[in-house]
Peer 1: 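Following this message is one structure expressed as structure tokens.
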Amino acid sequence: MIHIDSIPKLKQGVKFRFDRARDAWILLAPERLFMPDEVAVEVLKRVDGVRNVTAIVDELAAAFNAPREEIESDVLGMLEDLSRKGAVSA
Amino acid sequence: MTSQPLALIAELTHRCPLSCGYCSNPLELERASAELPTEIWTRVFAEAADLGVLHAHFTGGEPMSRRDLSELIGAASRAGLYTNLITSGVTLDDRALGALIDAGVDHVQLSFQDSEPATADAIGGYRGGHARKLAAAARVTAAGLPLTANFVVHQSNLHHINEMLSLGDDIGASRIEIAHVQYHGWALKNRARLMPTFAQLEAATAAVEAARERLRGRVVIDYVIPDYFASRPKACMGGWGQRIINVSPGGLAMPCHAAMSLPGLTFPSVRDRSLADIWNNSEVFQLFRAPAFAPESCRGCERLEIDFGGCRCQAHALTGDATRADPVCELAPDHGLIAAALGETASDTVIPRRMTARD
């Protein structure tokens, strides 16, 4: 389970990049493609194997001037989902 | 507007040291002398990336039979494609893997015929093959590359499903594919000797579900059941001409690797047309492309946008008419053919694939 102290990182073979053909950020994994929504893109830009979830939530709360609790639950939910799908580990 | 393709399946060669009787290659295999040269593949990868393709799957036959494989992986990688090598692994030694890593390979998928060496080698027709695959898997994970272990399952190896799932985890795969044989190409020829019973299928599905729980967060398990047991068809390759371009060893572009089985089609060649021209304008890619095409009996069905009436090659293989609804669908007029196929009794032996299919 991902929790607030987890330090998420992209799993081996997973690439997060901007796709010019689709004008969108994409997450490429072995035989899988994820099209993250806007919130997920902002989270993924901060998933670097260094920041923990708390730091990511703090940054997002500051950047988007949004309630911290709401962001925290969104970020945890999204990272847990990507962890189950094999794109993120912690 | 036509959607952008997501994946290029580069069938580099039909040559293969293995001879599995469920091979999805066509019965008429293309010969080495007819294979595309390095420079045409290189152009194709660049054109694919421009067209929006994200994944390049290197397959065959055995893609490692191509001496220029690392050069081809390098070309695809430089074009910005995610490179996936789908191999039996029997020739994946340190030197070969080193060259592939230098070229930028992103992921390796190794196929396994069983968890038991003796039966695995018998199915693949390659003595010592299983041991070589295990060694290849160890090399891949030691190099820090992500690994998928692919197990093709059918009536004579399904009782090892738990052992297969454990083996995949033991060798450090981050992804396991349990793929029931699909009945195209050589597999259709051998259907009666491969088709599992319903009880086997149910037990396998339960084993996969349990393993998914057990391995959650560590290993992703993809599970593909045989179409014949489904009540609704699959969207053929995500929709004919919607997501995938398959290029044969000789350069023919097809919406699916099995499309060669459809009679009367003239496939465009990447030798003389660009991939964009083929994708957007060729007759074959538009032939069964939704929404312009829909099987007659599917019109008005609420699931038409989900499965587009199923697989064209399966419709043709079973009914003789590629425009009919996939008989897998419970609502299809020809659904009775599926029950008949499931009731077939086995013939004597599985016929191994070989280069000369006609005799």
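None of these values were measured; they are calculated from a predicted model. Letters A, B, ... mirror the listed sequences (proteins, then strands); counts begin at 1.
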Peer 1: Does any heavy atom of chain A fall under 4.5 Å from the side chain of Ile86(B), the backbone, both, or neither of them?
Peer 2: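 Only the side chain of Ile86(B) comes within 4.5 Å of chain A.
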Peer 1: Could you tell me which of Glu80(A), Glu31(A), Arg20(A), Lys11(A) has the largest number of non-hydrogen atom pairs under 4.5 Å with chain B?
Peer 2: Glu31(A)
Peer 1: Just verifying a value: how many Å separate Leu54(B) CG and Leu33(A) CG, rounded to the nearest 0.5 Å?
Peer 2: 5.5 Å
Peer 1: Excluding sequence neighbours, so at least two apart, what forms ring pair (Phe, Tyr, Trp, His ring centres under 6.0 Å) with Tyr223(B)?
Peer 2: His180(B)
Peer 1: Would you find a donor on one side and an acceptor on the other, under 3.5 Å apart, between the side chain of Arg17(A) and the backbone of Gly80(B)?
Peer 2: yes
Peer 1: Quick check: are there more than 12 heavy atoms from other residues, nucleotides or ligands sitting under 6.0 Å from CG of Asp37(A)?
Peer 2: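 More than 12 within 6.0 Å, yes.
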Peer 1: Find the distance between CZ (Arg216(B)) and OG (Ser83(A)) and round it off to the nearest 0.5 Å.
Peer 2: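 The OG atom of Ser83(A) is 9.0 Å from CZ of Arg216(B), to the nearest 0.5 Å.
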Peer 1: Please evaluate residues Leu28(A) and His55(B) with respect to the criterion side-chain contact (heavy atoms from CB on, under 4.5 Å), reporting the C-alpha separation (whole Å), side-chain torsions for both, the decisive distance (0.1 Å), and the verdict.
Peer 2: CA-CA 8 Å; Leu28(A) 284 169; His55(B) 282 104; 3.5 Å; yes
Peer 1: Can you tell me which portion of Asp106(B) sits under 4.5 Å from chain A's heavy atoms? Options are side chain, backbone, both or neither.
Peer 2: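 Both backbone and side chain.
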Peer 1: Go through it in stages, so that I can follow the logic: the residues are Arg175(B) and Arg32(A), the test is side-chain contact (heavy atoms from CB on, under 4.5 Å), and I'd like the CA-CA distance, side-chain angles, deciding distance and then a yes or no.
Peer 2: CA-CA 11 Å; Arg175(B) 188 168 162 273; Arg32(A) 276 185 157 72; 3.4 Å; yes
Peer 1: Crowded around Glu209(B) CD? As in, over 12 foreign heavy atoms under 6.0 Å?
Peer 2: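 Result for CD/Glu209(B): enclosed.
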Peer 1: Considering only heavy atoms, which portion of Arg212(B) lies under 4.5 Å from any heavy atom of chain A: side chain, backbone, both, or neither?
Peer 2: neither
Peer 1: Checking Ala90(A) against chain B: side chain, backbone, both or neither under 4.5 Å from a heavy atom?
Peer 2: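 No part of it gets close to chain B.
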Peer 1: Just wondering, do Leu145(B) and Gln12(A) contact through their side chains at under 4.5 Å, heavy atoms?
Peer 2: no
Peer 1: Checking the side chain of Arg22(A) only, and the main-chain atoms of Gly52(B) only, is there a donor and an acceptor separated by less than 3.5 Å?
Peer 2: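 Checked: pair present.
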Peer 1: Does atom CZ of Arg243(B) have more than 12 heavy-atom neighbours from other groups under 6.0 Å away?
Peer 2: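 No, because the 6.0 Å sphere around CZ of Arg243(B) holds 12 heavy atoms or fewer from other groups.
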